[in-house]
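Structure record follows, encoded as structure tokens.
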Number of protein chains: 2
Amino acid sequence: MSTIRDVAKLAGVSVATVSRVINQKGYISKDTEKKIKACMAKLQYSPSSVARGLAGKKTDTIALLIPDITNPFFPEIARAVEDTASSYGITTLLGNCDENGVKELRYLDILKKRYVDGIIFAEHGLTWNEIHGILGSGMPIVSLDRAALSEEVSSVRVNHYQGAVLAVEHLLSIGCRRIAHISGPNHLITSANRNRGYTDTLRNAGCFDPDLVYEGDFSMECGMRVTEQLLKENEGVDGIFTSNDLMAVGALKTLIRSGVKVPEDVALIGFDGISMTQMVEPEISTIAQPIYEIGKQAVFQLIHQIEDRHELPEMTPRVLETKLIQRATTTRF
Amino acid sequence: MSTIRDVAKLAGVSVATVSRVINQKGYISKDTEKKIKACMAKLQYSPSSVARGLAGKKTDTIALLIPDITNPFFPEIARAVEDTASSYGITTLLGNCDENGVKELRYLDILKKRYVDGIIFAEHGLTWNEIHGILGSGMPIVSLDRAALSEEVSSVRVNHYQGAVLAVEHLLSIGCRRIAHISGPNHLITSANRNRGYTDTLRNAGCFDPDLVYEGDFSMECGMRVTEQLLKENEGVDGIFTSNDLMAVGALKTLIRSGVKVPEDVALIGFDGISMTQMVEPEISTIAQPIYEIGKQAVFQLIHQIEDRHELPEMTPRVLETKLIQRATTTRF
DNA sequence: TTGTATGCGTTATCAG
DNA sequence: CTGATAACGCATACAA
């Protein structure tokens, strides 16, 4: 690998001059610029982002930390983030934290020191101390989950509560009255908000029953297991709202295997809007998050923190809304 | 963020001494070591991997480049790689290339210069020139797809050919005679090998029909579309072997929607062994790759290139075999 | 056992 | 317009 010095030597100029043409900064004569560019090409030179990072420059690289790469929701987020970042010449590095605090910290340790220009968290298990540590280090961050939890850390906000309301109202509208809920981990704010939306709506309708709420962990296996338990422990459940799509897929499976007719006996609706809901039969109704928009806004917010000049399309950090997508599992004739 | 110099100052020693305790290298008195460690803790110091990389040291970080993060096979590979790497204290950075040569090169540009200690490619579109460029730069690489294509680049080898043979023999054994194949992109060696396995086996059995071979692109949509076309253009197809599981899921969907009974009318088998095959009803038979083992071997091979000393469990770079997993889509009674 | 000095590849500040 | 040279944070021969 050739360095900036090799180029300088070959071109018969100083490294400073080469650096200038690389960064399009300061004055350089057309002649030397052309000569230098030729030399760079000949040596197949490309600047080291590491050295560049050390020298305090931007690396044009951001990191996206996700909790579980095998949950398709996050790969879809990743694509959105990557797409957007890519269109600004920014490369995205992914870190899979595996719901594991230790790994999360390990990533941070690596990234904090100018490895990347900024970090996007899709759901994190950090303490406030740790977050302040990062913020203090000057590393721009954006969070995808702490909706409205604090003004201190930039985040893209999705109205999970309203999404859950949509889901439950939909189930009510097609005639369901005993509607169960398989929630996500209660310590996650997103999950908790969906839970509230469910509870409130059902209370208003006068058919809330705490026995019908089960805490899940967002995995498909859990969706299967809990649904089994749910069917065993309760009579007359005629609708299920799962806090994410993966659990809905699991639930659907158990329902079919148990000989329960979907949606005739039990209607089913998930949350997220991942494409897997369309891969199964019957296709699963869901509350779709604006996945692409989420990724896009996250990148916008991050870039804004990194530098204010970037001429970005008007930042609209409004709260993003979810959308009901009705499919076979909630369509009764 | 505190630097090594801050620690040195606080501890009243030189940076070299601090560096020694960080790297457990050279002699240091128990006393100063303890003192320095205390200072590091107090300052919440952790060394910058960037500077460390620049200074020619290992970064204990590797990169895994995957072609399509939304194909669940790769997240599963990623988990295996991460798991293994993690157990050796190595952090894995992911890059999603999106089947996009430009992005692939962009990642390489970033990674090449001592950003990471090594790179694992899960399927790449690099030319030999480009590969040599990386090799020449001293960056260790391991490839997951170029099975047996060259001795120059280290790779973990899976017997895709034999896997396809297994699949087709299985279909034959349950009575299928007109067996269609939806292949992957023909320019991918893995996909081509599976295709050969299919063709050879069917030829030997005397029932090969080139009209029943369709080229797909490994996506679910493609699985749906091609299956539709396949049903329209051919009579009496009684078995389908798709070159990966995602296409099998798509195929299954089309079959069910077309009122075709699976497996009574048409049996179906996929390839890869991703867990999604168990999420649908009926569950899909598949040729399972030893996903975890693949990731593990890739990491082992990479570490071996990075440094020879690491006491790794006996390296067994044997060819990995696939395994038939029979499920409902090929179980006739 | 510990300190000094130098280099890693770039950028940035000042002089020419 | 261009060239030295000092950072950036760390590792490492070489001294002490």
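Convention: sequence-line order gives letters A, B, ...; per-chain numbering from 1. Both backbone and side-chain heavy atoms feed into the values below; hydrogens, waters and symmetry mates do not.
- Using five terminal pairs a side, the axes of the helix from dT1(C)-dA16(D) to dG16(C)-dC1(D) at its two ends make an angle of 50°, given in steps of 10 degrees.
- For the pair E104(A) (side chain) and G125(A) (backbone), a donor-acceptor distance under 3.5 Å is present.
- For the atom pair OG of S2(B) and NZ of K9(B), the computed distance is 12.0 Å after rounding to the nearest 0.5 Å.
- Atoms CD1 and CD, on I66(A) and E99(A) in that order, are 10.5 Å from each other to the nearest 0.5 Å.
- At the heavy-atom level, V13(A) lies under 4.0 Å from the strands shown only through sugar-phosphate atoms.
- When all heavy atoms are compared, the tightest approach of S19(A) to I4(A) is N-CD1, 3.8 Å.
- At a cut-off of 3.5 Å, with distance as the only test, no side-chain donor of D31(B) or S29(B) sits close to an acceptor on the other residue.
- Side-chain N/O atoms of T17(B) include none lying less than 4.0 angstrom from OP1 or OP2 on dT2(C).
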**OP:** Let me have a per-nucleotide readout for nucleotides 11-16 of chain C, 5' to 3', with B, S or -, counting only protein heavy atoms under 4.0 Å.
**Re:** BB----
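- A salt bridge is defined here as a Lys NZ or Arg NE, NH1 or NH2 lying under 4.0 Å from an Asp or Glu carboxylate O, and R79(A) with D98(B) meets this definition.
- Taking CG of L302(B) as the start and CD1 of I62(B) as the end, the distance is 5.5 Å to the nearest 0.5 Å.
- First and last contacts of DNA chain D with chain A, using any nucleotide atom under 4.0 Å from a protein heavy atom and ordered 5' to 3', fall at dC1(D) to dG9(D).
- Here S29(B) reaches the OP1 or OP2 of dT2(C): one of its side-chain N or O atoms lies under 4.0 Å away.
- The stretch residues 91-123 of chain A participates, sequence neighbours left out, in these ring-ring contact (aromatic ring centres under 6.0 Å, His included) pairs: Y115(A)-Y115(B), F121(A)-H124(A).
- Residue pairs satisfying the side chain to side chain donor-acceptor pair (under 3.5 Å) criterion with at least one member in residues 35-45 of chain A, sequence neighbours excluded, are listed as follows: E33(A)-K37(A).
- Under the 4.5 Å side-chain criterion, counting only non-hydrogen atoms from C-beta, D109(B) is not in contact with T91(A).
- In terms of the side chain to side chain contact (heavy atoms under 4.5 Å, CB included) criterion, residue partners of A80(A) (sequence neighbours excluded) are, by chain and number, Y292(A).
- Separating the NZ atom of K9(A) from the P atom of dG9(C) is a distance of 12 Å, rounded to the nearest angstrom.
- Here L54(B) lies in heavy-atom contact (under 4.0 Å) with a base.
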